[in-house]
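Okay, structure first, notes after.
All values below were derived from every heavy atom in this structure, side-chain atoms included, with hydrogens, water molecules and symmetry-related copies excluded. Computed from a prediction, not measured in an experiment: that's the story for all the values here. The sequence lines fix the lettering, A, B, ..., with proteins before strands; numbering per chain opens at 1.
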There are 2 protein chains.
Amino acid sequence: MPKLADRDTRHTQILEALLRVAGSQGLHAVTMRSVAAEANISLRLVQYYFETKEKLLLAALDHLAGRQRERIQTRVRDTDAPDDPRTIIEAVLTESLPTDQDSRTFHLVYTAYAVHAATDPALAAQPFLRAPDTMEHFLADQLRHAQRDGTLPPHRDAHTEAAILLALSAGLGTAVLLGQRTAENATTAISYHLDHLGLTRRPA
Amino acid sequence: MPKLADRDTRHTQILEALLRVAGSQGLHAVTMRSVAAEANISLRLVQYYFETKEKLLLAALDHLAGRQRERIQTRVRDTDAPDDPRTIIEAVLTESLPTDQDSRTFHLVYTAYAVHAATDPALAAQPFLRAPDTMEHFLADQLRHAQRDGTLPPHRDAHTEAAILLALSAGLGTAVLLGQRTAENATTAISYHLDHLGLTRRPA
DNA sequence: AAATCTTTGATACCGACGTATCAAAGCGAT
DNA sequence: ATCGCTTTGATACGTCGGTATCAAAGATTT
């Protein structure tokens with residue numbers, strides 16, 4: 001009784017199943033068998049689409065990164081001022097926090113991968129580890145725009161501030177993930193920090 | 001040819017071996033067998049002192065936390081002004097970064113545990129997860145002292161600032177661990193942030 | 001209708017790992 | 001010297017997990 005789905009559908013179906021398992025039981029619970037069961041398909045089919053577990057995991061990471069990017073873009077687009085640095089930055093940083101199940105899974109899996117990458121050269125060479133770098137440049141650009149706009153004092157070093165923002169957001173995210181802090185608490189801290197940076201909203 | 005060491009010596013010998021394995025190959029490489037091999041003793045003896053792997057891992061975590069606490073205390077004590085808030089805070093935060101092999105292992109193992117704790121209620125109940133809370137109160141106290149001393153502007157909220165410092169330090173630490181940032185870069189960022197807080201050194 | 005792609009099932013192999021067991025022997029203390 | 005604690009060795013059991021293989025059958029395309 002094969003239902004015959006096309007490759008892309010199957011791929012995402014399997015990857016989404018993987019993320020559900022990883023999100024609820026941790027990355028260590030992700031096995032070829034558990035993913036197959038979660039996706040309601042046979043183990044054999046998982047092997048059919050992703051020959052090895054390593055390929056499966058890397059594909060899942062790509063998928064995850066893509067969804068995260070989309071989430072952030074959507075969030076920025078939906079703000080009332082999608083061209084104001086303060087608005088953009090605050091949206092990006094708060095959307096990066098593990099607030100709902102989706103972003104929680106992202107944080108969890110990403111961190112788990114990162115820990116592996118710290119001792120596995122093959123994983124460390126993966127492109128997903130350069131995502132923060134891209135983000136840092138993006139934030140630094142926004143800060144420089146703000147300085148030109150006059151909504152950020154000129155004595156601030158955009159590059160360093162961007163690095164701080166990124167580390168702050170990551171640190172808060174981890175704390176939220178571990179239940180050491182609430183998401184509201186974290187967003188408040190981000191807002192507080194941006195205020196004290198002197199990064200103001202651009203008047204309409 | 002038993003050498004007959006006492007319990008404490010053996011315990012630390014085994015735990016240190018575990019940390020060496022975890023530090024170089026990751027927590028996933030920690031098995032009863034690999035620890036035994038690293039410690040140059042028989043598998044049976046590891047079982048003898050720590051009956052189950054779970055107990056072994058928890059003991060290792062305790063050991064690790066204790067060493068980290070000592071490291072920080074020593075570092076603070078060795079500064080030129082061990083009672084000045086700015087000096088203390090900067091020492092604590094920079095010592096928390098993974099600069100040498102020891103602190104690198106600490107970060108790596110702690111993060112690995114934390115990731116597990118996010119999906120394992122039994123691990124989440126462990127006391128080691130409350131360490132950041134203690135640290136946060138400590139930092140907030142120091143900031144309040146600074147405000148009384150006049151080395152920190154009164155409009156800063158000590159509690160929130162402490163939370164930000166902790167998250168910042170953790171986030172920078174992770175970035176250093178992953179090779180996305182150098183340790184020097186991270187210490188510079190911390191120093192920069194403290195400067196812009198308006199947290200100054202107390203004049204002698 | 002034939003050829004190709006998709007899907008399942010059953011099953012097997014092999015390695016790794018946690019755990020357990022038994023026997024034996026070295027060493028310290030009473 | 002006897003008793004108890006420590007240490008080793010060999011070994012085994014069960015489970016889990018990644019991977020592989022074979023046969024067969026449904027679906028799609030040509």
Side-chain angles (χ1 to χ4, degrees), chain A residues 1-61 109 112-113 115-116 119-120 122-123 126, chain B residues 1-22 24-61 109 112-113 115-116 119-120 122-123:
Chain A
M1 52 178 67
K3 289 171 195 169
L4 268 271
D6 68 324
R7 283 193 97 76
D8 277 1
T9 309
R10 274 294 183 221
H11 273 213
T12 59
Q13 178 194 357
I14 293 173
L15 294 179
E16 297 280 343
L18 186 156
L19 293 182
R20 277 196 301 279
V21 174
S24 59
Q25 292 151 258
L27 196 57
H28 58 273
V30 171
T31 69
M32 300 290 265
R33 288 170 173 87
S34 70
V35 171
E38 176 70 30
N40 270 313
I41 57 177
S42 67
L43 163 63
R44 187 60 189 80
L45 199 55
V46 178
Q47 290 181 291
Y48 181 75
Y49 281 104
F50 304 89
E51 293 100 25
T52 118
K53 190 186 182 183
E54 193 181 356
K55 289 180 186 172
L56 174 62
L57 287 174
L58 290 178
L61 198 53
V109 176
Y113 269 99
V115 169
H116 276 101
T119 49
D120 179 356
L123 207 56
Q126 289 297 320
Chain B
M1 50 178 65
K3 289 168 195 170
L4 269 273
D6 68 324
R7 284 195 95 76
D8 277 3
T9 309
R10 275 293 184 222
H11 273 204
T12 58
Q13 178 194 359
I14 294 173
L15 294 178
E16 298 279 342
L18 186 156
L19 292 182
R20 278 196 300 279
V21 174
S24 59
Q25 292 152 257
L27 197 56
H28 58 273
V30 171
T31 69
M32 300 291 264
R33 287 171 173 88
S34 69
V35 171
E38 176 71 29
N40 270 315
I41 57 177
S42 65
L43 163 63
R44 187 63 188 78
L45 200 55
V46 179
Q47 290 181 291
Y48 181 75
Y49 280 103
F50 305 89
E51 293 101 22
T52 113
K53 189 185 182 184
E54 192 181 357
K55 289 180 185 172
L56 174 62
L57 288 174
L58 290 178
L61 197 53
V109 177
Y113 269 99
V115 169
H116 275 101
T119 50
D120 179 354
L123 207 57

Nearest whole Å is fine: how far is [N] [atom2] from [X] [atom1]?
X      : N       : atom1 : atom2 : answer
I41(A) : dG9(C)  : CD1   : C1'   : 14 Å
F50(A) : dT19(D) : CZ    : P     : 14 Å
D8(A)  : dT6(C)  : CG    : C1'   : 15 Å
L45(B) : dG9(D)  : CG    : P     : 10 Å

Quick one: does any side-chain atom of Y113(B) pair with a main-chain N or O of L57(B) as donor and acceptor, under 3.5 Å? yes
Output yes when at least one side-chain N/O atom of Y48(B) is less than 4.0 Å from OP1 or OP2 of dT7(D), else no. no
Write out a two-atom table: protein N or O, nucleotide N or O from nucleotides 15-21 of chain C, distance below 3.5 Å.
from, atom 1, to, atom 2, distance (Å)
dG18(C), OP1, K53(B), NZ, 2.6
dG18(C), OP2, M32(B), N, 3.0
dG18(C), N7, R33(B), NH1, 2.8
dG18(C), O6, R33(B), NH2, 3.1
dT19(C), OP2, K53(B), N, 2.9
dT19(C), O4, R33(B), NH2, 3.4
dA20(C), N7, Q47(B), NE2, 3.1
dT21(C), O4, R44(B), NE, 3.4

According to ring-ring contact (aromatic ring centres under 6.0 Å, His included), who are the partners of H11(B), at least two apart in sequence or on a separate chain? Y49(B), F50(B)
Could you list all the side chain to side chain donor-acceptor pair (under 3.5 Å) pairs where at least one residue sits in residues 39-48 of chain A, not counting sequence neighbours? none
Please report the end-to-end axis angle for the helix from dA1(C)-dT30(D) to dT30(C)-dA1(D), five pairs per end, rounded to 10 degrees. 10°
Please report the interatomic distance CG(L58(A)) to CD(Q126(A)), rounded to the nearest 0.5 Å. 4.5 Å
Where is the tightest heavy-atom contact between T12(A) and T9(A), given as atom of each residue plus distance? OG1-O, 3.0 Å
T52(A): partners by side chain to side chain contact (heavy atoms under 4.5 Å, CB included), with sequence neighbours left out: E54(A), K55(A)
Do I14(A) and L45(A) have side chains that approach each other closer than 4.5 Å (heavy atoms only, starting at C-beta)? no
Enumerate donor-acceptor pairs with a distance under 3.5 Å from any side-chain N or O in residues 18-33 of chain A to protein atoms, sequence neighbours excluded.
from, atom 1, to, atom 2, distance (Å)
R20(A), NE, E38(A), OE2, 2.7
S24(A), OG, R20(A), O, 2.9
S24(A), OG, V21(A), O, 3.4
H28(A), NE2, Q25(A), O, 3.2
T31(A), OG1, R33(A), N, 3.3
T31(A), OG1, S34(A), N, 2.8
T31(A), OG1, S34(A), OG, 3.2

